[in-house]
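What follows is a single structure, written as structure tokens, with notes after it.
Side-chain atoms are counted along with the backbone in the values below, which use heavy atoms only and exclude waters and symmetry mates.
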Amino acid sequence: MYDPGIIVESIDISQLRQGAVHRLRLHLTEDGAGFPIMVPILVARGRREGPTLGIIAGVHGDEINGLPVIHKLFESIEPRSLAGTVIAAPVVNMPGFDRQQRRFIEDVDLNQIMPGKDGGSASDVYAHRLIDRLVRHFDYMIDLHTASRGRVNTLYARADLEDPMSAQMAHRLRPQIILHSPARDKSVRGEASDLGIPSVTLEVGNPQQFQAEYIRSSVRGVRAVMGLLNITKARNAVENKEPILCRRSFWTYTDHGGLLRVAPRLCERVEKGELLATLTNVFGDVLREYKSPVDGVIIGKAINPVGHTGARIAHIGVE
Ligand SMILES: [Zn+2]
């Protein structure tokens with residue numbers, strides 16, 4: 001029998017025994033049957049005082065690479081040796097996770113409505129309590145995502161590189177690419193920034209799958225961040241390749257519907273004018289060849305070939 005965790009209405013670290021790992025189920029709202037919707041939480045509280053690192057995953061319910069990152073991290077955590085606390089939520093969008101969908105109920109993207117509203121709609125209240133009962137307790141945050149369905153991503157971090165602490169965290173994660181991305185309003189990271197919590201979004205590959213290589217690399221990266229924050233004794237930096245730094249990025253889109261083949265691989269550098277994608281119609285006639293408008297690097301790309309006019313082609317980072 002597994003430990004199902006204690007049901008709580010808020011996270012109060014001071015109530016949790018030091019030098020131990022705790023399982024909680026954080027009650028946020030109730031479903032249509034009147035039953036509680038609860039977010040699973042792991043807390044490793046060290047023996048010594050120190051900062052609280054929050055790690056959340058599954059804000060989008062079908063982005064699941066973050067779960068094993070948290071599981072493997074906690075397998076290796078020795079709470080007695082920590083100075084501070086690690087709080088991790090493997091899935092925050094429980095209704096979306098159950099349905100294997102990106103969105104929350106009401107077809108709402110939770111990452112576009114933060115900080116929600118008490119006394120608002122179902123998603124507004126859920127968002128509000130997620131911030132109030134969980135995120136607010138963090139001193140630092142890592143938000144784990146993946147590409148959305150029909151697309152693939154590199155292992156890349158988004159962070160406001162003008163915020164020194166967020167920038168350092170992004171570097172310690174040692175992903176393939178670090179993208180300067182000022183925290184956007186209404187996202188979880190944007191709300192965390194407004195609360196003064198240095199934050200990084202780590203995009204861990206693709207939706208609806210576990211990718212062992214990216215998961216291993218992310219676990220090493222999170223451990224390195226724990227070292228940076230002095231929650232653990234500093235370890236040697238992760239040995240991955242030096243990340244590619246991008247100061248901005250953009251998506252390219254089709255201007256015609258059809259069947260798309262995107263040529264470059266993930267993380268591949270492309271030159272201005274190089275072939276990005278070929279579009280054919282249903283008879284097999286080539287309709288378009290899309291070229292890269294800049295020298296850049298492929299951060300993510302479409303893998304679902306079928307798209308109407310305005311389908312996404314590639315997410316290009318500019319160094
Ligand atoms: Zn996401």
Side-chain angles (χ1 to χ4, degrees), residues 2-31 34-59 66-67 69-71 73-95 97 104 110 114-120 122-144 165 169 188-200 222 225-226 228-232:
Y2 70 97
D3 167 12
I6 304 160
I7 298 170
V8 295
E9 300 280 330
S10 189
I11 306 283
D12 184 354
I13 298 167
S14 69
Q15 294 295 307
L16 300 173
R17 190 162 54 83
Q18 288 180 302
V21 170
H22 305 269
R23 286 185 187 190
L24 308 173
R25 282 187 289 164
L26 179 63
H27 176 190
L28 292 186
T29 59
E30 297 80 35
D31 66 16
F35 295 144
I37 303 176
M38 296 186 287
V39 171
I41 308 276
L42 287 161
V43 182
R45 188 176 182 210
R47 269 193 180 150
R48 287 167 293 142
E49 294 304 313
T52 297
L53 171 64
I55 305 160
I56 63 171
V59 169
L67 277 94
V69 171
I70 290 170
H71 297 161
L73 177 73
F74 271 74
E75 277 168 23
S76 68
I77 274 184
E78 293 171 25
R80 280 171 300 186
S81 68
L82 303 184
T85 303
V86 179
I87 302 180
V91 180
V92 297
N93 175 1
M94 286 302 284
F97 175 75
F104 192 69
L110 279 181
M114 294 295 159
K117 196 169 93 183
D118 211 9
S123 37
D124 278 334
V125 176
Y126 194 89
H128 172 79
R129 293 185 183 167
L130 184 68
I131 298 295
D132 189 54
R133 298 181 182 185
L134 182 66
V135 173
R136 185 168 70 74
H137 299 279
F138 301 159
D139 297 317
Y140 304 90
M141 186 183 79
I142 299 171
D143 186 6
L144 302 171
M165 199 61 217
M169 289 167 67
V188 179
R189 182 165 64 94
E191 183 55 23
S193 302
D194 286 351
L195 292 168
I197 303 167
S199 305
V200 179
V222 174
V225 171
M226 289 167 65
L228 170 72
L229 304 176
N230 294 313
I231 295 174
T232 52

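What you find for Val21 and Pro79 is that their closest heavy atoms are CG2-CG, 3.8 Å. The two residues Val125 and Gly120 come nearest to each other via the heavy atoms CG2-O, 3.5 Å. Shortest non-hydrogen contact noted between Gly46 and Gln18 is O-CB, 3.5 Å. In terms of heavy-atom proximity, Pro51 sits nearest to Tyr140 at CB-CE1, 3.7 Å. Taking each heavy atom of Pro90 and Ala57 in turn, the nearest pair found is O-CB, 3.2 Å. Closest heavy-atom contact between Met141 and Ala192: CE-CB, 3.9 Å.
The distance from the CG atom of Leu73 to the CE atom of Met226 is 5.5 Å, given to the nearest 0.5 Å. Taken from CD1 in Ile131 to NE2 in His137, the straight-line distance is 11.0 Å, to the nearest 0.5 Å. Separating the OG1 atom in Thr29 from the NE2 atom in His128 is a distance of 12.5 Å, to the nearest 0.5 Å. Atom-to-atom distance recorded for Arg129:CZ and His27:NE2 is 7.0 Å, nearest 0.5 angstrom. The CD1 atom of Ile37 lies 5.5 Å from the CG atom of Asp31; values are rounded to the nearest 0.5 Å. For the atom pair CD1 (Ile197) and CG (Leu53), the distance works out to 11.0 Å, reported to the nearest 0.5 Å.
Residues Leu110 and Val59 have side chains in contact (heavy-atom distance under 4.5 Å, counting atoms from C-beta outward). The closest side-chain heavy-atom distance from Met94 to Val91 is below 4.5 Å. Using a 4.5 Å heavy-atom threshold, the side chains of Phe138 and Ile56 count as touching. A 4.5 Å side-chain heavy-atom check between Ser199 and Asp143 finds every atom pair outside the cut-off. Looking at heavy atoms from C-beta onward, Val39 lies in side-chain contact with Tyr126 at the 4.5 angstrom threshold. Within the 4.5 Å cutoff, side-chain heavy atoms of Val86 are placed close to those of Phe74. Between Leu42 and Arg23, the closest side-chain pair of non-hydrogen atoms falls below 4.5 Å.
No donor-acceptor distance shorter than 3.5 angstrom exists from the side chain of Glu30 to the backbone of Pro36, with no hydrogens or angles considered. With Arg45 contributing its side chain and Gly84 its backbone, the two residues share no donor-acceptor pair below 3.5 Å. Under the 3.5 Å distance criterion, the side-chain polar atoms of Arg80 are left unmatched by any main-chain donor or acceptor of Ala20. Side-chain atoms of Asp139 come within 3.5 Å of backbone N or O of Thr52 as a donor-acceptor pair.
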The test is side-chain contact (heavy atoms from CB on, under 4.5 Å); show your working for Met38 and Leu28 and say whether it passes.
CA-CA 6 Å; Met38 296 186 287; Leu28 292 186; over 6 Å; no
Apply side-chain contact (heavy atoms from CB on, under 4.5 Å) to residues Arg133 and Glu9 and explain how you reach the verdict.
CA-CA 7 Å; Arg133 298 181 182 185; Glu9 300 280 330; 3.4 Å; yes
Leu82/Arg47 under side-chain contact (heavy atoms from CB on, under 4.5 Å): CA gap, chis, key distance, verdict
CA-CA 6 Å; Leu82 303 184; Arg47 269 193 180 150; over 6 Å; no
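Not counting sequence neighbours, the partners of Val43 by the side-chain contact (heavy atoms from CB on, under 4.5 Å) test are Leu16, His22, Leu24, Ile41, Thr85, Ile87.
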